[in-house]
Q: 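Just passing along the structure, written as structure tokens.
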There are 2 protein chains.
Amino acid sequence: METTTFSALSEPNRLRIVELLLLGPLTVGEIAKRLDIRQPQASKHLKVLLESGLVEVEAIANRREYRLRPEPFRQLTTWLASYRDLWEERFDNLDIYLKRLQDQSNDRTSEPTPEES
Amino acid sequence: METTTFSALSEPNRLRIVELLLLGPLTVGEIAKRLDIRQPQASKHLKVLLESGLVEVEAIANRREYRLRPEPFRQLTTWLASYRDLWEERFDNLDIYLKRLQDQSNDRTSEPTPEES
DNA sequence: TTTGAATATTCCTTTACAGGAATATTCCAT
DNA sequence: ATGGAATATTCCTGTAAAGGAATATTCAAA
């Protein structure tokens, strides 16, 4: 997995831009207005998003229409799939067994330790 | 969506740590060794991952065993789901129609265009 | 109680990056 | 050709963050 995608999304205004673009392509000025930021900052953030491959541009007269690119989201989805067993909290039985054992030993160390039957 | 998750994953070594922990809980020293980084840097990165909620610790004697927490991955999955139509490239028909029109005009502008010159 | 192993923290330096302000560029209409 | 709108770029400054080195802390065992 490329860290550039995470890096691009780690800036709040850029994440907001991405979420805005989910609703459809937008122009720089529209993005700046909706996010209440200055146009140069919008352009800079869009440049980062562009270089990270998260968006693409289309020149229309003197405007630039930015839209999301599917690829990074596909990659992200693939990457996240590796963690599916984790976030579904479906570990395999061995792990669950070991975790319970370990929890019990934790209990023992923090208690007066009455011998178990 | 919280940007802290993306921020935590935007650092290459931290992403490597997360991918290591997918295979199971690990101790600081083991992580440092496998990633070939120094122990203090491993501790620092783990601290960031801890504060972002991506991992949790369990103290075992003088060791600390770090493991992934499911929650952030669940959130990430939920967030990504909003983009599913996008990365599956299933736009509604109007968008597809407009995009094809635009591609055609792009082709034209990049060709010799007999009428010009 | 001392020792050594594992880990955390602090201090320092360097670098990356975000916002502000100003300016450059590009395009259409006139 | 010129002016104005939309956008990009540059320069500046402050700040966050990463790695290196050294040190502090914590724990178990002897």
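Below, read A as the first sequence line, B as the second, and so on, with proteins coming before strands; counting in each chain starts at 1. Everything numeric here is computed off the predicted structure, so don't read it as measured data. These numbers come from the heavy atoms of this one structure, side chains and all, not from hydrogens, waters or symmetry mates.
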Q: Can you tell me if A:Tyr66 touches the phosphate of D:dA8, counting only side-chain N or O atoms and a distance under 4.0 Å to OP1 or OP2?
A: yes

Q: Once you round it to whole Å, what is the distance between P of D:dT26 and CD1 of B:Ile60?
A: 18 Å

Q: So does A:Thr27 get a side-chain nitrogen or oxygen closer than 4.0 Å to the phosphate oxygens (OP1/OP2) of D:dT7?
A: yes

Q: D:dA6 C1' sits how many Å from A:Leu26 CG, rounded?
A: 15 Å

Q: Whole angstroms only, please: what is the CG-C1' distance between A:Leu50 and D:dT9?
A: 15 Å

Q: Want to settle it: does B:Ala42 or A:Ser7 sit nearer the 5' end of DNA chain C, counting the closest nucleotide to each?
A: B:Ala42

Q: Measure the CZ-OG1 distance between A:Phe73 and A:Thr5 for me, rounded to the nearest 0.5 Å.
A: 8.5 Å

Q: With a 6.0 Å cut-off (strictly less than), is the heavy-atom count around CZ of A:Arg63, excluding the residue itself, greater than 12?
A: no

Q: Starting the side chain at C-beta, find the nucleotide from C:dT9, C:dG19, D:dA8 nearest to A:Pro40.
A: D:dA8

Q: Between the base of C:dA8 and the side chain of B:Gln39, is there a donor and acceptor pair under 3.5 angstrom?
A: yes

Q: Report the distance from atom CD of B:Glu65 to atom P of D:dC27, rounded to the nearest whole Å.
A: 16 Å

Q: Distance only, no hydrogens: is a donor on one side chain within 3.5 Å (strictly under) of an acceptor on the other, for A:Trp79 and B:Glu19?
A: yes

Q: Please give, in whole Å, the distance from D:dT7 C1' to A:Glu58 CD?
A: 16 Å

Q: D:dA28, OP1 or OP2 - any side-chain N/O from B:Arg63 closer than 4.0 Å?
A: no

Q: Counting only side-chain nitrogens and oxygens, does B:Arg64 get under 4.0 Å of the OP1 or OP2 atom of C:dT7?
A: no

Q: Between P on C:dA5 and CD on B:Glu30, what's the gap in Å once rounded to a whole number?
A: 17 Å

Q: Is A:Glu58 salt-bridged to A:Arg67, going by a charged N under 4.0 Å from an acidic O?
A: yes

Q: Just the rounded figure in Å: distance from P of D:dT15 to CD of A:Glu11.
A: 17 Å

Q: Closer than 4.0 Å, any side-chain N/O of B:His45 to the OP1 or OP2 of D:dA17?
A: no

Q: Round to the nearest Å and state the distance from B:Glu51 atom CD to D:dA18 atom P.
A: 11 Å

Q: Of all the nucleotides listed (C:dC11, D:dA28, D:dA8), which has the minimum atom distance to the side chain of B:Ala61?
A: D:dA28

Q: Given B:Ser43, which of B:His45, B:Gln41, B:Gln39, B:Lys47 fulfils the side-chain hydrogen bond (donor to acceptor under 3.5 Å, both in side chains) condition?
A: B:Gln39

Q: Is any side-chain N or O of B:Asn62 closer than 4.0 Å to OP1 or OP2 of D:dA29?
A: no

